[in-house]
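Each remark here refers to the structure printed beneath this line.
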Amino acid sequence: MSLKSERRGIHVDQSELLCKKGCGYYGNPAWQGFCSKCWREEYHKARQKQIQEDWELAERLQREEEEAFASSQSSQGAQSLTFSKFEEKKTNEKTRKVTTVKKFFSASSRVGSKKEIQEPKAPSPSINRQTSIETDRVSKEFIEFLKTFHKTGQEIYKQTKLFLETMHYKRDLSIEEQSECTQDFYQNVAERMQTRGKVPPERVEKIMDQIEKYIMTRLYKYVFCPETTDDEKKDLAIQKRIRALHWVTPQMLCVPVNEEIPEVSDMVVKAITDIIEMDSKRVPRDKLACITKCSKHIFNAIKITKNEPASADDFLPTLIYIVLKGNPPRLQSNIQYITRFCNPSRLMTGEDGYYFTNLCCAVAFIEKLDAQSLNLSQEDFDRYMSGQTSPRKQESENWSPDACLGVKQMYKNLDLLSQLNERQERIMNEAKKLEKDLIDWTDGIAKEVQDIVEKYPLEIRPPNQSLASIDSENVENDKLPPPLQPQVYAG
């Protein structure tokens, strides 16, 4: 989905929210722009193609191996029986592997055949374990709900229990394969109710909601943010990204919401509360309900501010602002959980699917947000992201007379801290420059001294030998008169 940022705000063409295959349902970035139905079709095609290619490769390698073995044994007639047994064994092994692969990827195996379920005599420990209060409550509600459907309700309850037993033995599969099993179960149950039970579509939807609530309450701890995926890594990355974007203001996103209006401010707080509360829910439909409530609060806030109904171009920037301001916990894990295990009909149509698709777009925009998206220069964007400075706060003369004094003082203090931060940055830069100058000066002096020493080297000569007398070097000593001797006189 291409997201564009214009001066009037963030704009997403509504046609880009739909499945790129043109079926009319809502697409999803997690499904590469396809809806749930089209994505499963593409996924199955790719999987079958991969299986076919692997099978052809295995056949070719085995054929080459058998030809090489046959050529090496052709001269030994005594070993022909051994080769026949070897070939028969290879053929049986090949047939067994192909049957296993086909059985593994068949639709019937995903919902669990009776043979598979009857093999393990011991009941699943996860089913017999002490259930939590919520699980017990949901189970009682599910049973009471199905009692109104008599025979159909009994059949649904039986299929649901069998599905849970089957999922217990498929926990070693990847989360994508477990998701496929769940989606196949949803589809099979809905089709069976419509074809065999002749249940009206409205009641089918209500029954599917209860089925989803029952099975996902029990499977939640095993399929939400499993260790085999990188969901937790994505959660930490998006949280870090949102924290780094704490300086983004509503004006940068062109958000048409005036939080100075008390009623609007309350709506914003409720929207943030709803998007944060999503993480506390265990059922995908309940998580979707939190997203829907958050979105409706956003629409109400825009409507109160503008005194007119909100448009889609107003909604998406405000949703991005709410996500940035709330920083919901485990955001990516919740999106992936809904994508994998929610009833696909809810994500493909209706307001739940529309709001969920917009949330996925908002997260994608936040991950790719840059200076151009906020109408900023790259220099300012880099400074804000590094924390060197923050955008200019609202000037005091622009405050309304009814504004809270505490809020005014807070912004004043923030401005003062920003100025002190800039001043400290200048002092630190000048100190670093002075330190560099001192180091350069010291290096320059040392270099000059070294050059002088190299140009005028210090030569230390050995000391001269001591002379025997003053005239020891005089070669004409014999021509000199004798030295005067002192005379001693008496008296």
Side-chain angles (χ1 to χ4, degrees), residues 1-3 10 12 16-17 20 26-36 39-40 42-43 46 171-183 216 219-248 253 271-272 274-291 294-295 316 319-342 344 346-347 352-353 355-370 373-374 385:
M1 296 184 182
S2 62
L3 299 176
I10 301 166
V12 176
E16 298 183 13
L17 299 178
K20 66 180 184 181
Y26 289 120
N28 192 306
W31 295 325
Q32 301 179 5
F34 293 103
C35 68
S36 174
W39 166 249
R40 292 181 63 204
E42 295 294 327
Y43 179 81
R171 287 182 190 167
D172 293 337
L173 300 180
S174 66
I175 194 64
E176 287 78 14
E177 291 170 330
Q178 294 185 57
S179 172
E180 284 295 308
C181 293
T182 306
Q183 298 296 331
M216 295 316 302
L219 297 178
Y220 175 80
K221 63 180 295 185
Y222 305 108
V223 298
F224 181 82
C225 190
E227 296 180 355
T228 55
T229 65
D230 59 350
D231 292 350
E232 184 177 1
K233 183 178 179 181
K234 292 180 179 178
D235 289 335
L236 297 176
I238 192 64
Q239 276 197 335
K240 183 178 179 181
R241 176 68 171 173
I242 292 176
R243 283 197 297 267
L245 294 169
H246 67 279
W247 47 268
V248 176
L253 296 171
I272 294 175
D274 289 332
I275 198 69
I276 293 176
E277 188 181 1
M278 173 179 61
D279 185 59
S280 64
K281 304 299 181 181
R282 304 178 69 177
V283 183
R285 181 171 62 92
D286 295 341
K287 292 181 181 292
L288 275 179
C290 292
I291 298 174
C294 168
S295 302
L316 183 58
L319 179 60
I320 295 172
Y321 174 67
I322 293 296
V323 174
L324 289 175
K325 198 169 183 179
N327 197 359
R330 299 193 292 186
L331 181 57
Q332 288 285 8
S333 291
N334 282 288
I335 291 177
Q336 293 296 330
Y337 178 70
I338 294 172
T339 301
R340 293 164 181 159
F341 297 102
C342 184
R346 284 192 169 273
L347 299 183
D352 289 343
Y355 294 141
F356 179 71
T357 303
N358 274 274
L359 177 62
C360 295
C361 291
V363 174
F365 177 84
I366 292 173
E367 291 176 337
K368 300 177 181 179
L369 189 143
D370 54 12
S373 304
L374 300 175
M385 289 295 292

Chi angles and distances behind the side chain to side chain contact (heavy atoms under 4.5 Å, CB included) call for Tyr337, Met216: CA-CA 10 Å; Tyr337 178 70; Met216 295 316 302; 3.4 Å; yes
Would the distance check show the side chain of [X] and the main-chain N or O of [Y] forming a donor-acceptor pair, the cut-off being under 3.5 Å?
{"X": "Asp235", "Y": "Gln332", "value": "yes"}
{"X": "Thr229", "Y": "Cys225", "value": "no"}
{"X": "Tyr355", "Y": "Leu288", "value": "no"}
{"X": "Glu367", "Y": "Ile238", "value": "no"}
{"X": "Ser179", "Y": "Ile175", "value": "no"}
{"X": "Gln183", "Y": "Cys342", "value": "yes"}

Gap between atom [atom2] of [Y] and atom [atom1] of [X] - 0.5 Å precision:
{"X": "Arg241", "Y": "Asn327", "atom1": "CZ", "atom2": "CG", "result": "12.5 Å"}
{"X": "Ile366", "Y": "Leu331", "atom1": "CD1", "atom2": "CG", "result": "7.5 Å"}
{"X": "Ile275", "Y": "Ser295", "atom1": "CD1", "atom2": "OG", "result": "7.0 Å"}
{"X": "Met385", "Y": "His246", "atom1": "CE", "atom2": "NE2", "result": "9.5 Å"}
{"X": "Glu277", "Y": "Lys287", "atom1": "CD", "atom2": "NZ", "result": "10.5 Å"}
{"X": "Leu245", "Y": "Leu374", "atom1": "CG", "atom2": "CG", "result": "7.5 Å"}

Where do [X] and [Y] come nearest, in terms of heavy atoms and distance?
{"X": "Ile276", "Y": "Pro329", "answer": "CG2-CD, 4.1 Å"}
{"X": "Leu316", "Y": "Cys361", "answer": "CD1-CB, 4.4 Å"}
{"X": "Ile335", "Y": "Cys360", "answer": "CG2-SG, 4.0 Å"}
{"X": "Ser373", "Y": "Phe365", "answer": "CB-CZ, 3.8 Å"}

Would you say Phe224 and Asn334 make side-chain contact, with heavy atoms under 4.5 Å? yes
Tell me, do Val223 and Arg340 make a side-chain contact under 4.5 Å, heavy atoms counted? no
Which pairs count as salt bridge (charged side-chain N to carboxylate O under 4.0 Å, His left out) when at least one residue sits in residues 325-335, sequence neighbours excluded? Glu259-Lys325, Asp279-Arg330
Candidate pair Ile291 and Ile338, rule side chain to side chain contact (heavy atoms under 4.5 Å, CB included), full reasoning: CA-CA 11 Å; Ile291 298 174; Ile338 294 172; 4.1 Å; yes
Within a reach of under 6.0 Å around CD of Glu232, are more than 12 heavy atoms found that belong to other residues, nucleotides or ligands? no
Option from Ile272, Ile322, Leu359, Val323 for which side-chain contact (heavy atoms from CB on, under 4.5 Å) with Cys294 holds: Ile322
Tell me, with the steps shown, if Leu253 and Leu324 meet side chain to side chain contact (heavy atoms under 4.5 Å, CB included). CA-CA 11 Å; Leu253 296 171; Leu324 289 175; 4.1 Å; yes
